[in-house]
Chemist: 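Here you go, one structure.
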Amino acid sequence: MIKVTLKDGSVRQVPAGTTIREVASSISQGLARAAVAAKVNGRVEDLNTALQEDAQLEILTLDSEDGLAVMRHSTSHLLAQAVQNLFPGTILGIGPAIANGFYYDFDSEHTFTPEDLEKLEAEMKRLAKQDYKFERGEMAREQAIEYFQQRGEKYKVELINDLPEDAQISIYTQGNFTDLCAGPHVQSTKMLKAFKLQSVAGAYWRGSEKNKMLQRIYGLAFAKASDLQDYLYKLEEAKRRDHRKLGMELDLFSLHDEAPGFPFYHPKGMVLRNTLEEFWREEHQKRDYVEIRTPIILNRSLWEQSGHWDHYKDNMYFTKIDEQDFAVKPMNCPGGMLMYKTKIRSYRDLPIRCGELGLVHRHELSGALHGLLRVRSFTQDDAHIFMLPSQIIEEIIAIIDLIDYFYKVFGFEYHVELSTRPEDSMGSDEDWETATNALKEALATKGIEYKINPGDGAFYGPKIDFHVKDCLDRTWQCGTIQLDFQMPEKFDLTYIGEDGEKHRPVMIHRVVYGSLERFIALLIEHYAGAFPVWLSPIQVRVLPISDRHNEYAERVKAILKEENIRVELDQRREKINYKIREAQTEKIPFALVVGDKEMEAESVSVRRYGEQKTTIMDLKDFIFLIKTEIDTKSISSKTV
RNA sequence: GCCGAUGUGGCUCAGGGGUAGAGCAGCUCACUCGUAAUGAGCAGGUCGCCGGUUCGAAUCCGGCCAUCGGCUCCA
């Protein structure tokens with residue numbers, strides 16, 4: 001007999017060799033029916049697995065993320081089966097579970113069309129009903145290679161060859177379909193119900209552009225049909241929040257064929273942008289930053305000196321001036337270096353925190369452009385901090401705090417990643433290790449959890465990245481803190497120490513917003529275009545009911561303007577309903593209706609964005625209300 | 001850059017080998033109105049660009065450009 005400890009702490013005695021399914025049945029038939037897999041000592045296993053020794057056991061159902069992942073993975077096998085039935089000769093890539101569903105990569109002469117997806121989905125439904133069991137088999141390495149080779153599954157053979165020598169090679173079979181797979185899987189295809197094929201896209205084999213591009217079919221899969229419907233509805237909702245759509249509707253910015261990736265800011269977008277810059281300057285002044293501005297075009301020798309010519313050329317734009325090579329800056333740092341070198345620095349001057357709202361240009365691949373989230377020219381809210389080695393940790397922590405403070409003001413959730421040395425980089429291993437450890441230490445001090453991104457650092461140093469989600473849950477890097485021992489070296493930066501000798505300062509590159517463009521895009525999606533009052537391009541619109549209220553309305557407008565409130569007056573001869581509807585459509589935080597009653601009492605009828613109810617209040621009370629919200633940067637709960 | 005899809009008035013979209021259509025927005029006129037669309041009229045497009053097939057192309061074919069969804073890359 002062995003002891004099986006369940007999730008609730010209870011212990012069951014069962015004979016060795018009992019399968020997990022049998023244990024589940026002994027707990028309840030309902031559980032046995034709902035079970036898709038199980039966690040044995042933390043490892044996800046099939047229900048068919050026989051328990052041989054004492055174990056911690058957690059039965060997984062579709063109520064858990066782990067359970068859903070198993071089901072989604074099984075659904076990807078179902079797709080592969082359907083594809084090979086309908087398009088014989090298709091070679092298989094890989095087919096994992098992902099958030100909300102799964103994908104499977106295929107190599108086929110045939111190009112899959114949206115109509116094919118419908119047919120495949122129908123075939124999947126048909127196959128699912130057949131109640132095929134997912135049966136696990138194990139093969140010796142040589143046998144497995146031969147098996148897949150014979151079937152022309154060259155990618156599977158490659159995968160097997162790359163498995164460690166001692167790896168257990170397992171295969172899963174459902175009906176006429178067999179796939180190389182570590183598993184686990186649900187018991188039967190019958191458990192696969194709420195799925196939908198979504199799209200087909202190109203994807204390089206093993207994610208490398210050096211490899212062949214395969215066709216990736218994406219699908220959604222959920223525990224039940226209503227969950228799938230809910231998710232589809234959520235996707236529709238997300239489209240409404242899309243910053244590209246809202247940016248145009250709210251007249252914030254535009255993009256044109258004539259300038260791909262180079263955004264145009266409209267007047268309202270500029271108000272938003274200027275407000276963000278203003279806030280940025282205030283907060284940085286408080287923290288003893290100074291601000292500079294460096295040129296956009298600098299000559300070739302500078303970029304050679306900085307290493308950009310060697311490591312960043314593909315992303316840069318070039319021009320010639322008087323027969324000499326120049327480059328448009330893709331980063332602000334070299335300019336900052338020259339500024340540092342304009343005089344002798346003392347250790348007493350350090351740290352120098354030198355900010356720059358710098359406009360940079362980078363050549364991004366045409367297929368990568370995406371609204372304001374991925375552009376070819378953008379303004380970084382940059383700063384370069386020159387400091388003593390002993391100040392590193394303290395400075396990094398201060399920046400982490402600063403970024404956290406900013407993101408909290410906007411209500412952003414974020415996660416943190418640490419990116420380490422990339423292949424194409426400069427400097428010694430020792431410097432990189434020191435720098436990486438400093439970043440780790442700062443994160444540890446703050447108790448921040450982070451994910452490591454191996455090889456994703458800048459060419460001159462490792463970095464801490466702050467990621468924010470867009471409306472479709474894709475994450476975008478915004479803030480970043482990069483520790484750099486290389487630039488000071490390349491530019492021979494020095495300071496005079498206590499000992500009267502020259503020493504090498506250390507440098508940090510950091511941004512808080514990341515780029516104004518990306519940050520604005522994320523703000524639009526985060527608030528669904530209904531900005532908090534302090535950010536809103538128009539804060540108040542005054543709506544007179546008829547012509548005879550125009551004069552009072554103009555007075556209200558003038559008084560609000562005097563208080564530095566961004567106010568508009570809608571004097572058109574339209575019905576009040578019409579004007580209100582428009583103010584709502586434009587997501588203006590406050591609509592002030594003024595008619596006879598208000599005119600008489602020196603009051604306004606206040607209607608907030610997204611609310612039905614109106615409140616009549618004295619104009620001076622309204623001013624107090626709105627100014628308080630602006631000053632506290634209050635985030636309205638209505639982002640509908 | 002790669003794979004696939006798309007490109008018709010400011011916006012959303014219909015149409016489709018015989019010389020363009022709707023709604024919204026815009027403009028004009030009337031209505032002076034109390035919390036999400038008053039009515040009537042007018043104007044607006046060489047159907048992304050270039051080339052080919054054809055008596056005739058917005059429609060079919062090819063190339064290019066841009067956009068969208070991915071891959072790769074990144075603030």
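Below, chains carry the letters A, B, ... as their sequence lines are ordered, and counting in each starts from 1.
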Chemist: What integer number of Å spans the C1' atoms of B/rC50 and B/rC3?
Modeler: 25 Å
Chemist: Mind checking if A/His370 touches a base, just sugar-phosphate, or nothing, with heavy atoms under 4.0 Å?
Modeler: sugar-phosphate
Chemist: Heavy-atom nearest nucleotide on RNA chain B for A/Gly457 versus A/Val593: which residue maps closer to 5'?
Modeler: A/Val593
Chemist: Under 6.0 Å between ring centres: does that hold for A/Phe410 and A/His526?
Modeler: no
Chemist: Can you tell me the pairing partner of B/rA22 across any strand shown, Watson-Crick or G-U wobble, with both distances under 3.5 angstrom?
Modeler: B/rU12
Chemist: Testing the 3.5 Å rule here: is there a donor-acceptor pair between the side chains of A/Ser306 and A/His308?
Modeler: yes
Chemist: Check whether the side chains of A/Thr614 and A/Arg608 place a donor and an acceptor atom closer than 3.5 Å, and report yes or no.
Modeler: no
Chemist: Within the 4.0 Å heavy-atom criterion, would you say A/Glu598 contacts the bases, only the backbone, or no part of the nucleic acid?
Modeler: base
Chemist: Scan A/Asp465, A/Asp456, A/Thr436 and name whichever one has a side-chain hydrogen bond (donor to acceptor under 3.5 Å, both in side chains) with A/Ser419.
Modeler: A/Asp465
Chemist: Within this structure, what is the CD-to-P distance between A/Glu209 and B/rC2, rounded to whole angstrom?
Modeler: 11 Å
Chemist: Can you tell me the pairing partner of B/rG39 across any strand shown, Watson-Crick or G-U wobble, with both distances under 3.5 angstrom?
Modeler: B/rC29
Chemist: Tell whether A/Tyr204 reaches the base of B/rG70 with its side chain through a donor-acceptor pair below 3.5 angstrom.
Modeler: no
Chemist: For the side chain of A/Leu365, starting at C-beta, report the closest nucleotide among B/rC71, B/rG69, B/rG1.
Modeler: B/rG1
Chemist: If B/rC71 has a Watson-Crick or G-U wobble mate with both distances under 3.5 Å, name it; if not, just say none.
Modeler: B/rG1
Chemist: Between the base of B/rC73 and the side chain of A/Arg374, is there a donor and acceptor pair under 3.5 angstrom?
Modeler: yes
Chemist: Considering only atom C1', compute the distance from B/rU28 to B/rC68 and round it to an integer number of Å.
Modeler: 39 Å
Chemist: Between B/rC65 atom C1' and A/Leu369 atom CG, what is the distance in whole Å?
Modeler: 13 Å
Chemist: Any side-chain N or O of A/Arg607 less than 4.0 Å from the OP1 or OP2 oxygen of B/rA36?
Modeler: yes
Chemist: Is the ring centre of A/Tyr218 under 5.5 Å from the base ring centre of B/rG70, and are the two planes under 30° apart, so that they stack?
Modeler: no
Chemist: Where each residue is assigned the nucleotide of RNA chain B containing its nearest heavy atom, which of A/Gly207 and A/Arg518 is assigned the position nearer the 5′ end?
Modeler: A/Gly207
Chemist: Could you give the distance separating B/rG10 and B/rC47 at their P atoms, to the nearest angstrom?
Modeler: 13 Å
Chemist: Would you check if there is a donor-acceptor pair between the side chains of A/Trp205 and A/Asp105 at a distance under 3.5 Å?
Modeler: no
Chemist: Would you say the side chains of A/Lys329 and A/Thr294 form a donor-acceptor pair under 3.5 Å?
Modeler: yes
Chemist: Give me, pair by pair, the N or O atoms of the protein and of nucleotides 23-33 of chain B that are less than 3.5 Å apart, along with how far apart they are.
Modeler:
{"residue": "B/rU32", "atom": "O2", "partner": "A/Asp547", "partner atom": "N", "Å": "2.9"}
{"residue": "B/rU32", "atom": "N3", "partner": "A/Asp547", "partner atom": "OD1", "Å": "3.3"}
{"residue": "B/rU32", "atom": "N3", "partner": "A/Asp547", "partner atom": "OD2", "Å": "2.7"}
{"residue": "B/rU32", "atom": "O4", "partner": "A/Asp547", "partner atom": "OD2", "Å": "2.7"}
{"residue": "B/rU32", "atom": "O4", "partner": "A/Arg573", "partner atom": "NE", "Å": "2.0"}
{"residue": "B/rU32", "atom": "O4", "partner": "A/Arg573", "partner atom": "NH1", "Å": "3.0"}
{"residue": "B/rU32", "atom": "O4", "partner": "A/Arg573", "partner atom": "NH2", "Å": "2.3"}
{"residue": "B/rC33", "atom": "N4", "partner": "A/Arg573", "partner atom": "O", "Å": "3.1"}

Chemist: Ignoring hydrogens and angles, state whether a donor on the side chain of A/Glu236 or A/Tyr231 is under 3.5 Å from an acceptor on the partner side chain.
Modeler: no
Chemist: Would you please confirm or rule out a distance under 4.0 Å between OP1 or OP2 of B/rA75 and any side-chain N or O of A/Gln380?
Modeler: no
Chemist: Looking at every heavy atom in both A/Ala259 and A/Phe264, which two are closest together, and how far apart are they?
Modeler: CB-CE1, 4.1 Å
Chemist: So do A/Lys313 and A/Trp303 actually touch side chain to side chain, heavy atoms under 4.5 Å?
Modeler: no
Chemist: Atom NZ of A/Lys212 and atom C1' of B/rU72: how far apart are they, to the nearest Å?
Modeler: 18 Å
Chemist: For B/rG1, does the base pair up with any side-chain atom of A/Glu364 as donor and acceptor (N or O, under 3.5 Å, distance only)?
Modeler: no
Chemist: When the C1' atoms of B/rG15 and B/rC29 are compared, how many Å lie between them, rounded to an integer?
Modeler: 33 Å
Chemist: Of all the choices, B/rG69, B/rU72, B/rU35, which nucleotide is nearest to the side chain of A/Ala368 once you look at every atom?
Modeler: B/rU72
Chemist: Rounded to whole angstrom units, what separation is found between the CG atom of A/Asp107 and the P atom of B/rC71?
Modeler: 18 Å
Chemist: I'd like a list of close polar pairs between nucleotides 3-8 of chain B and the protein, N/O only, cut-off under 3.5 Å.
Modeler:
{"residue": "B/rC3", "atom": "O2", "partner": "A/Gly202", "partner atom": "N", "Å": "3.1"}

Chemist: Taking CH2 from A/Trp205 and P from B/rU72, how many angstroms apart are they, rounded to a whole number?
Modeler: 13 Å
Chemist: Please state how far atom NE2 in A/His308 lies from atom C1' in B/rA75, giving the value in whole angstrom units.
Modeler: 13 Å
Chemist: Taking C-beta and beyond as the side chain, do A/Ile626 and A/Val540 meet within less than 4.5 Å on heavy atoms?
Modeler: yes
Chemist: Which nucleotide, B/rA36, B/rC71, B/rG69, lies nearest any side-chain atom of A/Asn577?
Modeler: B/rA36
Chemist: For the C1' atoms, the ones on B/rG51 and on B/rC65, what distance do you get once it is rounded to whole angstrom?
Modeler: 14 Å
Chemist: Below 4.0 angstrom from OP1 or OP2 of B/rG70, is there any side-chain N or O of A/Ser199?
Modeler: no
Chemist: NA contact type, A/Asn315, heavy-atom cut-off 4.0 Å: base, sugar-phosphate, or nothing?
Modeler: nothing
Chemist: When the C1' atoms of B/rA58 and B/rU8 are considered, how many whole Å apart are they?
Modeler: 7 Å
Chemist: Please report the distance, rounded to the nearest Å, between NE2 in A/His363 and C1' in B/rC73.
Modeler: 11 Å
Chemist: In whole Å, measure the gap between the C1' atoms of B/rA57 and B/rG52 for me.
Modeler: 11 Å
Chemist: At under 4.0 Å between heavy atoms, what does A/Val360 touch on the DNA or RNA strands: base, sugar-phosphate, or nothing?
Modeler: nothing
Chemist: If you look at every strand shown and take non-hydrogen atoms under 4.0 Å, does A/Lys597 touch a base, only sugar-phosphate, or nothing?
Modeler: base
Chemist: To the nearest angstrom, how far is A/Arg376 atom CZ from B/rG1 atom C1'?
Modeler: 10 Å
Chemist: Among residues at least two apart in sequence or on other chains, which ones pass side-chain hydrogen bond (donor to acceptor under 3.5 Å, both in side chains) with A/Glu554?
Modeler: A/Gln571
Chemist: Remember a base hit wins even if backbone is also touched, and classify A/Arg510 as base, sugar-phosphate or nothing at under 4.0 Å, heavy atoms.
Modeler: nothing
Chemist: Could you identify the nucleotide paired to B/rU53, looking across every strand shown and requiring Watson-Crick or G-U wobble geometry with both distances under 3.5 Å?
Modeler: none
Chemist: If you define the side chain from C-beta out and look only at heavy atoms, does anything of A/Arg281 sit under 4.5 Å from A/Glu277?
Modeler: yes
Chemist: Describe the nucleic acid contact of A/Lys463 in one word from base, sugar-phosphate, nothing, applying a heavy-atom distance below 4.0 Å.
Modeler: sugar-phosphate
Chemist: Return the nearest nucleotide to the side chain of A/Arg581; candidates are B/rA37, B/rU72, B/rG70.
Modeler: B/rA37
Chemist: Just so I know, are the side chains of A/Phe590 and A/Arg541 near enough to count as touching, which here means a heavy-atom distance under 4.5 Å?
Modeler: no
